[in-house]
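Worksheet for the structure shown next.
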Amino acid sequence: MPTRFFNTYSRELEEFHPLDPAGKRVKLYTCGPTVYNFAHIGNFRAYVFEDLLQRHLEARGFDVERVMNLTDVDDKTIKGCRQLGVRLAEFTKKFKDAFFEDIGTLRIKRAKDFPAATDYVAQMIEMIRVLEKKGIAYQAEDKSLYFRLSKFPEYGKLAHLNLDELRPGVRVQSDEYEKENIGDFALWKAWDENDGDVKWDSPWGPGRPGWHIECSAMATALLGPEIDIHCGGVDNIFPHHEAEIAQSECVTGKKFVRYWMHCAHLMVEGQKMSKSAGNFYTLRDLLEKGWTGREIRYALITVNYRLPLNFTFDGLSAARSALQRIDEWTERLKLHAGLQIPISEYFSTTLAGMNPKEATSYLLSKYKVVSGSELRKDTDGILAYGERFFDALDDDLNISGALSHLFNLVRETNRALDAGTLTDGQAVIALHVRNQIDSILGLSPDIRNIPAAVLALVEQRQVARANKQWAESDRLRDAVAELGWVVKDTKEGPKLTPKD
RNA sequence: GGCGGAGUAGCCAAGUGGGAAGGCCGAGGUCUGCAAAACCUCUACGAGUGGGUUCGACUCCCACCUCCGCCUCCA
């Protein structure tokens with residue numbers, strides 16, 4: 001099944017093929033945060049969606065080159081640093097650091113580059129110079145440079161807006177009367193006293209870049225004039241992405257982006273998230289309430305990116321239950337397969353580069369679970385669940401459909417475990433499928449080594465239980481609990497999970 | 001006013017012109033020293049409303065209702 005994505009530009013599902021003649025490299029540009037504050041969960045919905053996209057493309061064998069920008073100069077960052085009386089770089093550093101910490105918490109894979117706007121001012125100036133030479137950029141009375149929209153009739157095609165019918169919005173700045181056309185957007189903003197010491201020299205005098213030009217400059221500098229996929233929130237479609245197209249294509253003469261993908265907004269408890277409504281949450285707010293990164297990730301990732309996501313505490317709670325169920329299932333399989341080492345270890349680097357068949361035979365040789373031919377026969381069904389999971393994601397990242405296959409696998413194998421009909425080989429293969437799926441979902445619990453003291457207590461408890469010394473057994477369970485672990489007796493033996 | 005998205009069980013949410021996935025919650029049961037987990041069974045005779053096309057519509061068409069987004073620097 002070919003991978004298909006919904007392209008905002010065409011408003012249709014399109015088969016995905018990268019520009020790379022070898023069909024392998026994918027150039028992905030994703031709009032990143034403006035580092036004037038801690039990012040909120042709405043922001044992270046977009047980043048988690050982009051992470052899912054990247055991981056799925058990688059699972060399908062693509063080599064994804066992703067760039068995510070950091071907007072570290074704009075009205076809000078300038079305002080923020082001026083209020084605190086610190087330098088811009090100092091102000092934004094705090095939020096850049098927080099951002100990286102947050103994406104780590106949410107297990108979002110690092111992009112290849114995280115270019116900061118302030119490091120690419122020279123490239124932006126160069127682009128603006130080219131536009132000026134072509135008669136597309138002009139300097140207005142206020143010394144700022146604007147993009148002459150009349151030179152780019154394509155403007156509005158991504159958003160499907162007819163410019164002639166545009167009703168002037170309430171947010172049109174009254175101080176932009178110098179522009180030739182109300183829609184012309186700023187490429188370069190001339191310095192004024194509100195900018196303090198935030199300014200760069202340019203052929204047009206001191207100032208700072210407009211917002212849109214940074215993405216055009218950084219995308220072009222790092223990925224070249226033609227990008228395969230460009231992502232962002234729907235609110236970026238207009239005007240930001242339109243402006244990017246206009247700037248980039250006027251400079252390079254090439255089609256800037258081949259597939260545009262935008263995620264819908266997030267609501268909180270059915271309401272638009274806003275500080276005034278009291279339902280505005282940063283990632284840190286949720287962590288403080290006791291939710292974990294993977295729970296939040298799950299809640300954000302499990303609704304198709306094109307649908308508005310209603311983020312609720314019920315939803316987080318459901319995420320927690322679902323994850324615990326997957327954890328229990330994983331542990332059960334591990335015990336059954338006789339693999340006593342952490343899952344991260346036995347499915348680590350060696351297996352990462354293997355296709356399913358290679359990985360399967362590796363596992364078989366390593367753990368000698370059953371003979372090969374016997375295994376093939378009774379594991380095809382299990383492997384099929386994994387295939388269906390990825391096939392679902394091929395359909396515009398249909399995560400709901402994909403998850404249904406995971407949970408069907410969970411139920412099927414649990415049932416077989418209960419019935420005593422699951423073979424060691426099937427358990428290993430189920431683990432393998434689980435791990436392939438997790439390479440997309442990134443939902444494994446944090447690996448914690450079981451302290452020797454806990455293990456010793458559990459062993460003592462097993463002895464007590466064998467002798468039917470129930471009081472002693474319960475005492476030992478409490479002792480284990482005091483060390484932060486929960487012990488559960490299963491058919492497969494005692495199972496330890498960290499107490500959250 | 002223009003453009004676009006969405007209405008499926010208590011909540012979240014898929015696929016599909018002919019048997020309405022899956023998750024969470026809930027009820028009953030099996031297992032278990034206890035606990036927990038797991039498993040089994042049950043939980044929408046109906047898909048915002050009203051029409052139409054069709055042998056047959058949740059799915060296609062029309063109208064209406066409701067919600068949401070964008071319309072010049074919010075993911």
Side-chain angles (χ1 to χ4, degrees), chain A residues 8 11 30-34 39-50 71 74-76 149 156 159-173 176 179 182-186 189 210-212 214 231-240 242-243 262-267 270 272-274 298-299 302-304 306-312 314-322 324-325 327-329 331-332 392 395 398-408 410-411 414-419 465 468-471 473-474 477 486-492 495 497:
Chain A
T8 308
R11 303 281 161 106
T30 54
C31 282
T34 300
H40 58 70
I41 50 171
N43 301 120
F44 288 117
R45 196 239 173 141
Y47 309 146
V48 165
F49 141 63
E50 289 151 2
T71 300
D74 79 322
D75 291 350
K76 285 174 294 203
L149 273 190
H160 293 219
L161 285 174
N162 183 343
L163 287 185
D164 300 334
E165 294 171 4
L166 275 190
R167 190 175 67 172
V170 290
R171 281 186 282 166
V172 173
Q173 306 254 326
E176 288 182 338
K179 294 192 289 186
I182 192 78
D184 292 353
F185 56 86
K189 293 184 162 189
W211 177 41
H212 312 305
E214 72 172 77
C231 301
V234 285
D235 50 327
N236 275 159
I237 296 173
F238 192 92
H240 185 51
E242 292 282 4
H262 294 94
C263 72
H265 269 177
L266 168 146
M267 317 243 286
K272 186 171 178 171
M273 182 167 71
S274 70
Y298 187 91
T302 51
V303 174
N304 180 272
R306 286 207 284 134
L307 296 175
L309 186 159
N310 187 14
F311 189 86
T312 65
D314 274 357
L316 278 174
S317 185
R320 177 171 287 177
S321 299
Q324 282 171 353
R325 184 167 161 216
D327 292 347
E328 294 287 350
W329 169 68
E331 288 303 308
R332 223 181 152 188
D395 184 17
N398 179 356
I399 188 74
S400 302
L403 283 171
S404 74
H405 302 304
L406 168 62
F407 283 105
N408 281 332
V410 170
R411 182 160 15 82
N414 271 330
R415 197 181 288 166
L417 280 166
D418 274 2
R465 293 184 71 233
K468 296 193 190 298
Q469 295 163 347
W470 307 128
S473 166
D474 290 346
R477 179 161 55 198
V486 176
V487 61
K488 293 169 188 168
D489 303 312
T490 71
K491 264 187 188 167
E492 293 82 19
K495 202 155 59 178
T497 46

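A, B, ... follow the sequence lines: proteins, then strands. Residue 1 opens every chain.
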Non-neighbouring partners of A:D489 that pass salt bridge (charged side-chain N to carboxylate O under 4.0 Å, His left out), sequence neighbours left out: A:R461, A:R465

Atom pair SG (A:C231) and NE2 (A:H262), whose distance is rounded to the nearest 0.5 Å: 8.0 Å

Nearest-Å distance for atom pair CG/C1', residues A:D74 and B:rU72: 15 Å

Distance-only polar pair, side chains of A:R411 and A:N408, donor-acceptor under 3.5 Å: yes

Nucleotide opposite B:rA44 in a Watson-Crick or G-U pair, distances under 3.5 Å: none

Between B:rA44 and B:rG22 - C1' atom distance, rounded Å: 15 Å

Distance, C1' atom - from B:rA57 to B:rG51, rounded to whole angstrom: 13 Å

Nearest-0.5 Å distance, CH2 of residue A:W470 to NZ of residue A:K468: 5.0 Å

Atom-pair distance (CG on A:D184; P on B:rC73), nearest Å: 14 Å

Integer-rounded Å distance: B:rC73 P and A:I237 CD1: 16 Å

Side chain to side chain donor-acceptor pair (under 3.5 Å) partners for A:N304, two or more places apart: none

Sugar-phosphate only, base, or nothing, as touched by A:H262 at under 4.0 Å among non-hydrogen atoms: nothing

Sugar-phosphate, base or nothing in reach of A:H240, heavy atoms under 4.0 Å: nothing

Nearest-Å distance once atom C1' is located in both B:rA9 and B:rG23: 13 Å

Pair assignment for B:rG69, Watson-Crick or G-U wobble, requiring both distances under 3.5 Å: B:rC3

Euclidean distance for C1', B:rU8 against B:rC58 (whole angstrom): 7 Å

Euclidean distance for C1', B:rC25 against B:rC70 (whole angstrom): 36 Å

Length of the CZ-P vector between A:R320 and B:rC25, whole Å: 12 Å

Gap in Å between the two C1' atoms, one belonging to B:rA13 and one to B:rA20, rounded: 13 Å

Assigned partner base of B:rA38, Watson-Crick or wobble definition, under 3.5 Å: B:rU30

A:L266 vs A:H40, side-chain contact (heavy atoms from CB on, under 4.5 Å): CA-CA, chis, key distance, verdict: CA-CA 10 Å; A:L266 168 146; A:H40 58 70; over 6 Å; no

Residue met sooner reading RNA chain B from 5', once A:L403 and A:H160 are mapped to nucleotides: A:H160

Euclidean distance for C1', B:rU43 against B:rG52 (whole angstrom): 34 Å

From CD1 (A:I399) to CG (A:L403), nearest 0.5 Å: 4.5 Å

Heavy-atom protein contacts under 4.0 Å, nucleotides 5-20 of chain B, coded B base, S sugar-phosphate only, - none: -S-----SSSS-----

side-chain N/O A:K76 vs B:rC74 OP1/OP2, d < 4.0 Å: yes

Which residues share a salt bridge (charged side-chain N to carboxylate O under 4.0 Å, His left out) with A:R477, sequence neighbours left out: A:D474

Between CZ on residue A:F311 and CE on residue A:M273, distance to nearest 0.5 Å: 9.0 Å

B/S/- contact track for nucleotides 35-40 of chain B, protein heavy atom under 4.0 Å: BBSBSS

Under 3.5 Å donor-acceptor pair, A:D235 side-chain atoms to B:rG69 base atoms: no

A:F311 CZ to B:rC68 C1', straight-line distance once rounded to whole Å: 19 Å

Sugar-phosphate, base or nothing in reach of A:N408, heavy atoms under 4.0 Å: sugar-phosphate

Residues in salt bridge (charged side-chain N to carboxylate O under 4.0 Å, His left out) contact with A:D235, at least two apart in sequence or another chain: none

A:W470 ring over B:rG33 six-membered base ring, under 5.5 Å and 30°: yes

Touch class at under 4.0 angstrom, heavy-atom based, for A:S473 against every strand present: base

Mutual orientation of the aromatic rings belonging to A:H240 and A:H212 [parallel < 30°, tilted 30-60°, perpendicular > 60°]: tilted

Base-pairing mate for B:rG17 - Watson-Crick or G-U, with both contacts under 3.5 Å: none

d(CG, A:D474; P, B:rC34) in whole Å: 11 Å

Quiz item: A:S404 side-chain donor-acceptor pair to B:rG23 base, under 3.5 Å: no

Interatomic distance at C1', B:rA75 relative to B:rA63, whole Å: 36 Å

